Student: 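My questions will all concern the structure given below.
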Amino acid sequence: MITDARVLRTGFVPREVEHRDAEVTHLTEILAPLTDGDPADTTLLLGPSGVGKTCLAKYTAEQLRQEVLDVEYQYVNCWQNFSEFRTLYRILEGLGKTVDIHRQSTPRDELYERLRQYDGPPCVVILDEADQLEDKSLLYHLHELPQFSMLLVANRERELFGNADERLTSRLTGCERVRFDRYDSDELVSIMDARVKSGLEEGAIDRDQLATIADAAGGDARVALSILRTAARQAHQSYESRITDDIVAASIPEARAERHEKDVDTLTPHQRTLYEIIEERDAVSPSELYEEYRDRMDDPKTDRTVRNYLSKMDQYDVIRAEGTSRDRTYRSVSETFENVE
DNA sequence: GCTCCACGGGAAGGATAGGCTT
DNA sequence: AAGCCTATCCTTCCCGTGGAGC
């Protein structure tokens, strides 16, 4: 059934990118100076999730490296490495310069110094989910270093510059931008089809079924591929020789539930208590939530800390925060699952 | 309009952990 | 081996802002 599981996994970069010719060309042109050893401009890759921003950034950087041997690239997901320190650390790690840096007790300035002194081949730094960086001054500092060319991946420019200072904003307003639109259904089908051809047995799934998945994914390739992956695994586990319509239908909510469950698993005990309260009540007002939380915990955190938790959980899509002011309510997302369908 | 609730930025202090010195 | 030092990360406190509801 499954001949190559890798191609269905998230983060897999295919040999050929589909339906993004214009964007590939654009980005390749931007990075072209690197082939002569000159620095390339800092570039923003903007668009909703699952439209191929990350994939294309990696793809283009990889192409470049194959073409010009003397180029490095380093990928950092700022969602997981949201502090300045961690992001810097990851970049250095990729360059193999962290041997004698020990997690604690190495000042941030020292990390910058290492980068400044880096004299290897020019390096493309891909900062994925760059809007998640807590301290945007990192962007400013990296922008100053000619050895490093930054590709900043984010949903919206507004979020990226949200709490950034003037210096950075003015420095980056003039930089290159590559914008991405949602895929339409046909495009998603052919993206999935390419993966199916190299990852599943012949005839494991037909085009109509892929179209069903594409429709459910709402233009998001990541969602589409995760449904496909869930379906393939399901068929594999029940010894089916092909993916049935029933499996496809079941995989659509299943894929979403799986992701949700995974996110819930990462919560700390305090966050989980908050999550449970919200789940039980479907919707709850902030003051009510704080109070209930304090009742349930022996060592409750302050309201301010709880707000930090809640905003994180909202960003992770574990819960949903609605309203900006006195109308704020926290509600469970599992309830909105059904409303969306 | 005015009030009040809630949010979230920022500074300060605490917890934690590893390196360095003695 | 123990104790000091210094870094990050987390939590708390203080407070300005803003919007909904009256």
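Here the structure is a predicted model, which is why all the values come from computation and not from measurement. Just so it is clear, the values below take in all heavy atoms, side chains as well, and ignore hydrogens, waters and symmetry mates.
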Student: Mind calculating the distance between NZ (A:K312) and P (C:dC9) to the nearest angstrom?
Tutor: 12 Å
Student: Find out whether the Lys NZ or Arg CZ of A:K301 is both under 6.0 angstrom from the six-membered ring centre of A:Y309 and within 45° of the ring's axis.
Tutor: no
Student: List the steps and the verdict of side-chain contact (heavy atoms from CB on, under 4.5 Å) for A:S226 and A:R259.
Tutor: CA-CA 9 Å; A:S226 101; A:R259 236 207 81 182; 6.0 Å; no
Student: Provide, to the nearest angstrom, the distance between the CD atom belonging to A:E134 and the P atom belonging to C:dC9.
Tutor: 9 Å
Student: Can you list the steps and then say if A:F148 with A:Q74 is a side-chain contact (heavy atoms from CB on, under 4.5 Å)?
Tutor: CA-CA 10 Å; A:F148 299 95; A:Q74 185 54 26; over 6 Å; no
Student: What integer distance in Å separates A:Y112:OH from C:dT8:P?
Tutor: 11 Å
Student: Short of 4.0 Å, heavy atom to strand atom, which residues of residues 295-305 of chain A count as contacting DNA chain B?
Tutor: A:R304
Student: Rounded to the Å, how far apart are A:N81 CG and C:dT8 C1'?
Tutor: 14 Å
Student: Of the listed nucleotides (C:dC10, C:dC9, C:dT12), which one gets closest to any side-chain atom of A:S83?
Tutor: C:dC9
Student: Which one, C:dG19, C:dT8, B:dG8, comes nearest to the side chain of A:R108?
Tutor: C:dT8
Student: Could you check how far CG of A:L88 sits from C1' of C:dA7, rounded to whole Å?
Tutor: 14 Å
Student: Counting side-chain heavy atoms from C-beta on, which of C:dA20, C:dC9, B:dC7 comes nearest to A:P286?
Tutor: B:dC7
Student: For a quick check, tell me whether the side chain of A:T324 and the base of C:dG19 share a donor-acceptor pair closer than 3.5 Å.
Tutor: no
Student: Round to the nearest Å and state the distance from A:E291 atom CD to B:dA6 atom C1'.
Tutor: 16 Å
Student: In whole angstroms, how far is the C1' atom of C:dT6 from the CZ atom of A:F85?
Tutor: 12 Å
Student: Output all residues satisfying side chain to side chain contact (heavy atoms under 4.5 Å, CB included) with A:H143, sequence neighbours left out; order by chain, then residue number.
Tutor: A:T42, A:M150, A:R171, A:L172
Student: State whether A:Y309 places a side-chain N or O below 4.0 Å from either non-bridging phosphate oxygen (OP1 or OP2) of C:dT11.
Tutor: yes
Student: For B:dC7 and A:Y290 - does any side-chain N or O of the residue sit under 4.0 Å from the phosphate oxygens OP1/OP2?
Tutor: yes
Student: Between A:K262 and A:E258, is the closest basic N to carboxylate O distance under 4.0 Å?
Tutor: no
Student: Measure distances between side-chain N and O atoms of A:R326 and base N and O atoms of C:dG19, and say whether any donor-acceptor pair falls under 3.5 Å.
Tutor: no
Student: Report which part of the nucleic acid A:R328 touches: base, sugar-phosphate, or nothing (heavy-atom distance under 4.0 Å, all strands).
Tutor: sugar-phosphate
Student: Whole angstroms only, please: what is the CD-C1' distance between A:E110 and B:dG18?
Tutor: 16 Å
Student: Mind telling me whether A:Y275 and A:H260 have parallel, tilted or perpendicular rings, with 30° and 60° as the class edges?
Tutor: tilted
Student: Crowded around A:D298 CG? As in, over 12 foreign heavy atoms under 6.0 Å?
Tutor: no
